[in-house]
Amino acid sequence: MSGYSLSGYSLSDVGLPDHGPSNDGLDRLVERVQRVDASVADQLTESVARYQRPLTVQVAGRAGTGRSSVIRALLAGRAEPFGFDPVESDPVDSPATPDPTLDGDLVLYVLAASLHPADRAAVRAIPAGHGLVVLNKADAVGASLATVLARANECTDALGVRTLPLVAITAATAASSAVTPNELARLRNRADDDPTLAERWGSFGVGIAIDVLRRSPHTSARTLTQILAAASGASGLQTAFERQRRQVQALRGARLIDDLERLATRALEGAARDEIEHFLRSDVAAQIGLVGAWASPGIAAVVGEHELVDPVDDEQALQLARWWRGFSDAGDTRSDPTGAGRRAALRIHHGYVRSWARAVRDD
């Protein structure tokens, strides 16, 4: 499979909404199956409920790492709510409470400036693909952005989970207010020992602002606020979180399609099997399967950081369908011993065949 490359395609962010036509179709499927086979309907209801329920997000870490401030930074500046609320877990490694079970759909694990053995143990317990680590209070690591990024990379290497630097105090201030004219004047005068500036923007934010103004003295207050927001790490955290959220939701979809295929195979009543198979042949099921397969760990090495391809016309949809069919046929058992990569590729192939058929039908 290593000879295949996705380069040359136009890539865009495509996925299923958290609520919408796919859920309506699933609800109707449950209603139809309930009328013909109560036993299958019970299992179907459980699978659909697992797919539709809101994601659970835990924010965990040892006491004093700033879990609450990480939640504020995650939510800062959002025009629309996530549809779920991040929950702050009990502290890890606390003598007052037992360690929390980190079993959320997504777990944000918050570190202070240094790694503790309890942090390593807690992060190891997070299921693969469900965790992000946040190096909060990154200004305690060093005053320069390069030092902070280097420390975050060290944590990524040590933990095996992507670690994102964050200075929550700077992020929260930049999200709720702007650099004032008075603050701008003091920063231009290199007021790095000004306690009021440090209290509002943090020593890291003050250092970044002074450095920016030293290089570009005419930087406006608005531009400086934007630079501080970016340097704080909030936007990077939000982007990584959103990507991980979509990944987890997509994998839920893959599990749903797996469940439906098993139910259709086991259904003794032909009418229930027919209803499930009819849904599995639908555009909605093909799209759920396509999005879920794209998130499959079995093809992660091929997909990489690419977003799902949204075909612009029937010609591109057919080209993509053929590409993924060729990819699945070229698989070998050494690189894909469980067959997960081939199954994912075939689902992607099927999804693009449906896209091609829909494009031809609508043309």
Pair S39-D37, side-chain donor/acceptor within less than 3.5 Å: no
Side chains of [X] and [Y]: closer than 4.5 Å at any heavy-atom pair?
{"X": "R50", "Y": "D259", "value": "yes"}
{"X": "R252", "Y": "R255", "value": "no"}
{"X": "L26", "Y": "V284", "value": "no"}
{"X": "I288", "Y": "Y51", "value": "yes"}
{"X": "L44", "Y": "L260", "value": "yes"}
{"X": "V40", "Y": "R273", "value": "no"}
{"X": "I169", "Y": "S69", "value": "no"}
{"X": "K137", "Y": "L166", "value": "no"}

With a 4.0 Å cut-off, would you call [X] and [Y] a salt bridge?
{"X": "D283", "Y": "R361", "value": "yes"}
{"X": "R214", "Y": "D211", "value": "yes"}
{"X": "E242", "Y": "R245", "value": "yes"}
{"X": "R200", "Y": "E183", "value": "yes"}

Derivation of the side-chain contact (heavy atoms from CB on, under 4.5 Å) call for V309 and Q316: CA-CA 10 Å; V309 182; Q316 189 185 32; 4.2 Å; yes
Please check if the side chain of [X] supplies one atom and the backbone of [Y] the other of a donor-acceptor pair under 3.5 Å.
{"X": "Q58", "Y": "V107", "answer": "no"}
{"X": "R151", "Y": "P165", "answer": "no"}
{"X": "R67", "Y": "V110", "answer": "no"}
{"X": "T65", "Y": "R62", "answer": "yes"}
{"X": "S232", "Y": "A229", "answer": "yes"}
{"X": "T196", "Y": "D194", "answer": "no"}
{"X": "T170", "Y": "W201", "answer": "yes"}
{"X": "T225", "Y": "V179", "answer": "yes"}
{"X": "R325", "Y": "H349", "answer": "no"}
{"X": "Q287", "Y": "S282", "answer": "no"}

Single hit among T156, I126, L111 for side chain to side chain contact (heavy atoms under 4.5 Å, CB included) with V133: L111
F327 and W323 aromatic ring geometry - parallel, tilted or perpendicular at 30°/60° bounds: parallel
Could you see if [X] belongs to whatever hydrophobic cluster contains [Y]? Use Ile, Leu, Val, Met, Phe, Trp, Tyr and a side-chain cutoff under 4.5 Å.
{"X": "V36", "Y": "L263", "result": "no"}
{"X": "V353", "Y": "V291", "result": "no"}
{"X": "V248", "Y": "L132", "result": "yes"}
{"X": "L346", "Y": "V303", "result": "no"}
{"X": "L318", "Y": "V360", "result": "yes"}

Report, as yes or no, whether the 6.0 Å neighbourhood of atom [atom1] on [X] holds more than 12 heavy atoms from other residues, nucleotides or ligands.
{"X": "E154", "atom1": "CD", "answer": "yes"}
{"X": "R266", "atom1": "CZ", "answer": "no"}
{"X": "R222", "atom1": "CZ", "answer": "no"}
{"X": "D85", "atom1": "CG", "answer": "no"}
{"X": "R190", "atom1": "CZ", "answer": "yes"}

Y352-W356 aromatic ring centre distance below 6.0 Å: no
Pairs meeting criterion salt bridge (Lys or Arg N to Asp or Glu O under 4.0 Å) with involvement of residues 92-101, two or more places apart: none
Chi angles and distances behind the side-chain contact (heavy atoms from CB on, under 4.5 Å) call for L115, L159: CA-CA 9 Å; L115 268 174; L159 297 170; 3.9 Å; yes
Candidate pair S296 and R347, rule side chain to side chain donor-acceptor pair (under 3.5 Å), full reasoning: CA-CA 11 Å; S296 169; R347 272 200 188 151; over 6 Å; no
side-chain contact (heavy atoms from CB on, under 4.5 Å) assessment of V206 paired with L187: CA-CA 7 Å; V206 171; L187 289 166; 4.1 Å; yes
side-chain contact (heavy atoms from CB on, under 4.5 Å) between Y109 and L102, intermediate numbers included: CA-CA 9 Å; Y109 193 87; L102 303 182; 4.2 Å; yes
For the student: nearest non-hydrogen atoms of A293 and I348, plus distance: CB-CG1, 3.6 Å
